[in-house]
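Bear in mind that the values here come from a model prediction, so they are computed numbers and not experimental data.
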Amino acid sequence: MKFSNLLIPTLKEAPNDATLPSHIYLIRGGFIQGVGSGLYNFLPLGKIVLDRIKNVVKEELDMAGAQEVSLGFVTPASLWIESGRFEKYGKELLRFKDRKDNDFVLGPTHEEMMVNLVKQSVKSYKQLPLNLYQINLKFRDEIRPRFGLMRGREFLMKDGYSFHANEDDMKREFSLMEETYKKIFTRLGLDFRVVEADSGAIGGTGSKEFMVLADSGEDTIVVCKSCDYGANIEAAKSMPYICEENAPKANFAKFNTPEIKTIEDLSSFFKINPYYLVKTVAKKALYDGGKEEIVLFFLRGSDELQEIKALNSINANDLIDINSDELEEVGLVAGFMGPFNLPNDIKTVFDNSLVGGINLVCGANEKDYHYVGLDLELEKDAIIDDIVSVKEGDKCIHCGGSLVYTKGIEVGHIFQLGTRYSEPLKAEFLDENGKTKPFVMGTYGIGVSRLLAAIIEQHHDEKGCLWSKESTPFDVCVIVSNLKDEKQSDIALKIYDELKDKKINVLIDDRNERFGFKMKDYELIGVPYAVIVGKKVEEGIVEFVSRDGEIMKEIDISNIIEAVVDIV
RNA sequence: CGGAGUGUAGCGCAGUCUGGUAGCGCACCUGGUUUGGGACCAGGGGGUCGAAGGUUCGAGUCCUUUCACUCCGACCA
């Protein structure tokens, strides 16, 4: 391709709303163009990269036996009403009506559509297993789109769904997909980690996330320094922590603690390790059908509440903060809450670490008073669960190694769904005994357009992008230093033609611009290699350089084709 | 939705406090010079100043309403 013919509107300055390197370089390099909040156009260069990434995904999935289909983007709402997600999915689901006043949604994910497709054509266990996928647009009306392609509202996603006769076969496919995803991300040159995850709104039992390690990642993941354990903070587990200090013994008593509300204050007031304080976190829980209630979560003062875990412990849809006025209405006092003398009908949840806790200090549910010397005895029907965040330095449950935090970009997520969708949608088949059974399903997603951003987050420098081998829009760029110098442009064109003949994906910068200008654009766009045709053609020499700076050498013109073919 | 902020040329911004010819840099067009690290000279095109309403002889600037976008928190590929 000739640069002079391509629409590559590179920019010296980025729009000021771009903060991440991937966002800045994708816009400055003329890959994408913003059109609205979370909406982007792909320009020729961006489209090439996107297609290359799509191809890698497609090749690996096809190799693993999955079949590509393409489902409608506009989906009748009736399917969503049937699965019960029309209400539950919330505002992220873009709903609209057609001219006949029928409800439709723009697909944010396609479980319903795919199940519907399969139930119409698959009737027998003999047709199973089946793994269908598509690489198509999705629309999620995100509360806060940001970071360019990282969190758009409209985005390209590969979503796959597998159908099985039984749980074991679904698990086999799940592992196959895990391996396939690893191959895909490895081919794209990404440094990633597979971590255990919360399955969130999609539902189901087991789920794993593929995290590209990058400081700008929006997810916190917990990884073990000694083994390969990794988990999203929302699902991470660690060995129970044992406090080395003993708590000062005290008899159970009410203690005046004027204006001592926070864990730090209490800790210094009683000269006691926060581990022996009972922290009480009040939240309002929202359930299906608009039901809501106040829930108190009790944990060690040294721990932090993990909201997703807390949410799961009570099967709620959402947890929201509440203010002290709302607490007062039900007879609670912020800063002095505890598990005893609670007003009736307040739901409570205890963290695992409090079981058998002794010599504790907790709020007395009365202004300016705490209890000391509390030995906790929980009732049989108390809700006890893991509701706290793993902390850095906690011990790994697999090897006892030290756990640390790192940041990740979620580029893939695979779920063991079971019959979560097939049952309500009555997607059933006949097994070998002629019995009707719902399909056992798995679902597998990759954020394809997000991958563009993720690759750059991991591969860039202060000058621009550094595309990996399988994602780069071009393998090599031929740069003509001075286009007006006929010898230079002739030789450059000849090299360009010969490389094309060798099936090398080559770009020639044949614009009538100065050398420095073209180099800046080359570096910004981030093609891995360049052949620079400049003044030294007089001596029969051109330069061969790599974008990462590893290679910089002068090569005889007669050898340049071979040199490029060798390395690309 | 809560908190903070911004809307002026394709992009980056000044002008708004104190109302009086809509500006600067980059980009773009024409001509010329230049050609190894984002050149220079000369000339030129491009604006419903986010939108609506109001005050005023006169509004980018003041008032009211509204919309959009961005940043920090809960969602997710």
Side-chain angles (χ1 to χ4, degrees), chain A residues 9-19 23-24 27-28 30 33-39 57 89-93 108-110 135-160 181 197-202 207 209-212 218-219 232 234 283-284 286 307-308 310-311 317-321 323 408-415 443-454 463-464 479-485 488-489 511-524 532-537 543 545:
Chain A
T10 57
L11 299 170
K12 220 185 238 184
E13 289 172 293
N16 69 353
D17 52 39
T19 51
H23 192 184
I24 292 170
I27 291 205
R28 281 193 52 211
Q33 192 182 54
V35 286
S37 178
L39 303 172
V57 172
Y89 212 95
K91 288 188 175 158
E92 260 177 57
L93 188 63
T109 169
H110 279 96
I135 300 174
N136 246 345
L137 280 181
K138 297 283 175 289
F139 191 93
R140 293 183 191 172
D141 201 358
E142 294 275 350
I143 308 155
R144 191 151 95 77
R146 57 187 137 171
F147 302 144
L149 293 183
M150 200 78 94
R151 180 172 298 284
R153 289 194 291 174
E154 182 180 279
F155 59 100
L156 193 67
M157 176 176 171
K158 172 260 153 179
D159 49 324
Y181 274 34
D198 173 68
S199 40
I202 308 266
S207 101
E209 288 172 332
F210 294 76
M211 291 286 185
V212 168
E218 295 183 84
D219 288 276
N232 193 306
E234 296 169 1
K283 295 275 176 185
K284 191 186 286 174
L286 305 182
E307 283 207 18
I308 300 293
L311 195 63
N317 293 338
D318 202 3
L319 288 181
I320 54 177
D321 291 340
N323 57 40
I409 302 165
E410 184 187 352
V411 292
H413 200 160
I414 58 178
F415 299 83
T443 180
Y444 320 94
I446 293 180
V448 176
S449 45
R450 178 181 283 180
L451 275 170
L452 251 89
K463 292 172 180 168
I479 298 169
V480 192
S481 173
N482 181 358
L483 194 75
K484 293 264 173 78
D485 181 325
Q488 287 184 26
S489 53
R511 294 174 300 171
N512 186 18
E513 295 287 352
R514 295 165 72 90
F515 176 73
F517 185 87
K518 293 196 235 189
M519 284 305 288
K520 292 287 184 201
D521 269 358
Y522 161 72
E523 284 157 350
L524 177 60
I532 300 168
V533 182
K535 283 179 173 163
K536 292 216 167 152
V537 289
E543 282 163 74
V545 301

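Pair assignment for U55(B): none, as no Watson-Crick or G-U wobble contacts are both less than 3.5 Å. With a cut-off of 3.5 Å on both Watson-Crick or G-U wobble distances, the partner of G45(B) is given as none. Base pairing annotation: C71(B) forms a Watson-Crick or G-U wobble pair with G3(B), both donor-acceptor distances under 3.5 Å. Using N1 to N3 plus N6-O4 or O6-N4 for Watson-Crick, or N1-O2 and O6-N3 for G-U wobble, each under 3.5 Å, C76(B) pairs with nothing. Base pairing of G60(B) is not made with any nucleotide, judged by Watson-Crick or G-U wobble geometry with both donor-acceptor distances under 3.5 Å. The partner of G19(B) is absent, by the rule that a Watson-Crick or G-U pair needs both atom distances under 3.5 Å. Across all strands shown, G10(B) forms a Watson-Crick or G-U wobble pair, both distances under 3.5 Å, with C26(B).
Atom CG of D521(A) and atom NZ of K12(A) lie 10.5 Å apart (nearest 0.5 Å).
Although no hydrogens or angles enter the test, the distance criterion places a donor-acceptor pair under 3.5 Å between the side chain of R153(A) and the main chain of S37(A). For the pair R450(A) (side chain) and M150(A) (backbone), a donor-acceptor distance under 3.5 Å is present. Between the R140(A) side chain and the E92(A) main chain, no donor and acceptor come within less than 3.5 Å of each other. Listed for the T443(A) side chain is a donor-acceptor partner under 3.5 Å among the backbone atoms of G160(A).
You'll find that the side chain of P15(A) is closest to G12(B), out of G36(B), G12(B), A39(B). Side chain of R450(A), nearest nucleotide from G36(B), U35(B), A77(B): A77(B). Ranking C75(B), G37(B), U35(B) by closeness to the E92(A) side chain, first place goes to C75(B).
The gap from the C1' atom of C28(B) to that of C75(B) amounts to 42 Å, rounded to the nearest Å. Comparing the C1' positions of U65(B) and U55(B) gives an interatomic distance of 15 Å, to the nearest angstrom. Rounded to a whole angstrom, the distance from the P atom of U18(B) to that of G2(B) is 31 Å. For U8(B) and G23(B), the C1' atoms lie 10 Å apart once the distance is rounded to whole Å. Distance noted for atom C1' between A74(B) and U61(B): 39 Å (whole Å). One P atom belongs to G38(B), the other to A27(B), and the distance between them is 13 Å to the nearest Å. Only the P atoms considered, A52(B) is 22 Å distant from U6(B), to the nearest whole Å. Rounded to whole Å, the P atom of G7(B) lies 12 Å from the corresponding atom of U16(B).
Note on Q33(A): nothing from the nucleic acid sits closer than 4.0 angstrom, heavy atoms only. Base engagement by D219(A) is indicated by at least one non-hydrogen atom pair under 4.0 Å involving a base atom. At the heavy-atom level, S481(A) lies under 4.0 Å from base atoms of the strands shown. Residue contacts shown for G152(A) include a base, since a base heavy atom lies under 4.0 Å away. Looking at heavy-atom distances under 4.0 Å, G412(A) makes contact with sugar-phosphate atoms alone, never a base. Looking at heavy-atom distances under 4.0 Å, E234(A) makes no contact with the nucleic acid at all. In this structure, D159(A) reaches neither bases nor backbone, as no heavy-atom distance under 4.0 Å exists between it and the strands shown. Across all strands shown, R28(A) has heavy atoms under 4.0 Å from base atoms, whether or not it also approaches the sugar-phosphate. If you check every strand for non-hydrogen atoms under 4.0 Å, E209(A) touches nothing.
Contact between the side-chain N/O atoms of N16(A) and the OP1/OP2 oxygens of C13(B) is found at a separation under 4.0 Å. Of the side-chain N and O atoms in K484(A), none sit less than 4.0 angstrom from OP1 or OP2 of U35(B). S37(A) has no side-chain polar atom (N or O) that falls below the 4.0 Å cut-off from OP1 or OP2 of A68(B). Close to C76(B), at under 4.0 Å from its OP1 or OP2, lies no side-chain N or O of R140(A).
For the pair M211(A)/N232(A), a side-chain contact is recorded, criterion being any heavy-atom separation below 4.5 Å from C-beta on. Annotation: side chain of S481(A) is not in contact with side chain of K535(A) (no heavy-atom distance under 4.5 Å). Residues H110(A) and N136(A) form no side-chain contact, since every pair of their non-hydrogen atoms from C-beta on lies 4.5 Å or further apart. Between I532(A) and V545(A) the shortest side-chain heavy-atom distance falls below 4.5 Å. Between T19(A) and R146(A), the closest side-chain pair of non-hydrogen atoms is not below 4.5 Å.
Counting to the nearest Å, the C1' atom of G10(B) and the CD1 atom of I27(A) are 13 Å from each other. The separation between I532(A) atom CD1 and U35(B) atom C1' is 15 Å, rounded to whole Å. Atom-to-atom, CD of E13(A) to C1' of A9(B) comes out at 14 Å; the value is rounded to the nearest Å. Between the CG atom of L93(A) and the P atom of C75(B) there is a distance of 18 Å, given to the nearest Å. Computed from coordinates, the M519(A) CE to G38(B) C1' distance equals 12 Å when rounded to whole Å. Rounded to an integer number of Å, the gap from CZ of R514(A) to P of U33(B) is 14 Å. Whole-Å rounding puts the R153(A) CZ to A68(B) C1' distance at 11 Å. The distance between atom CG of L311(A) and atom P of C75(B), rounded to the nearest whole Å, is 8 Å.
Judged by atom type and distance alone, N482(A) does not reach the base of G36(B) through any side-chain donor-acceptor pair under 3.5 Å. The base of G38(B) lies outside donor-acceptor range of the side chain of E513(A), with no N or O pair under 3.5 Å. Judged by atom type and distance alone, E523(A) reaches the base of G37(B) through a side-chain donor-acceptor pair under 3.5 Å.
Under the salt bridge (charged side-chain N to carboxylate O under 4.0 Å, His left out) criterion, E543(A) pairs with no residue, sequence neighbours left out.
Residues K520(A) and L156(A) each lie close to RNA chain B; by heavy-atom proximity, the contact nearer the 5' end of the strand is made by K520(A). When the nearest nucleotides of RNA chain B are assigned to L524(A) and N512(A) by heavy-atom distance, the more 5′-ward of the two goes with N512(A).
Relative orientation of the Y181(A) and Y444(A) rings is perpendicular, given thresholds of 30° and 60° on the angle between their planes.
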Protein N or O to nucleotides 71-74 of chain B N or O, pairs below 3.5 Å:
from	atom 1	to	atom 2	distance (Å)
C72(B)	OP2	R144(A)	NH1	3.2
C72(B)	OP2	R144(A)	NH2	2.7

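Remark: ring of F155(A) stacked against base of A77(B); centroid gap under 5.5 Å, plane tilt under 30°.
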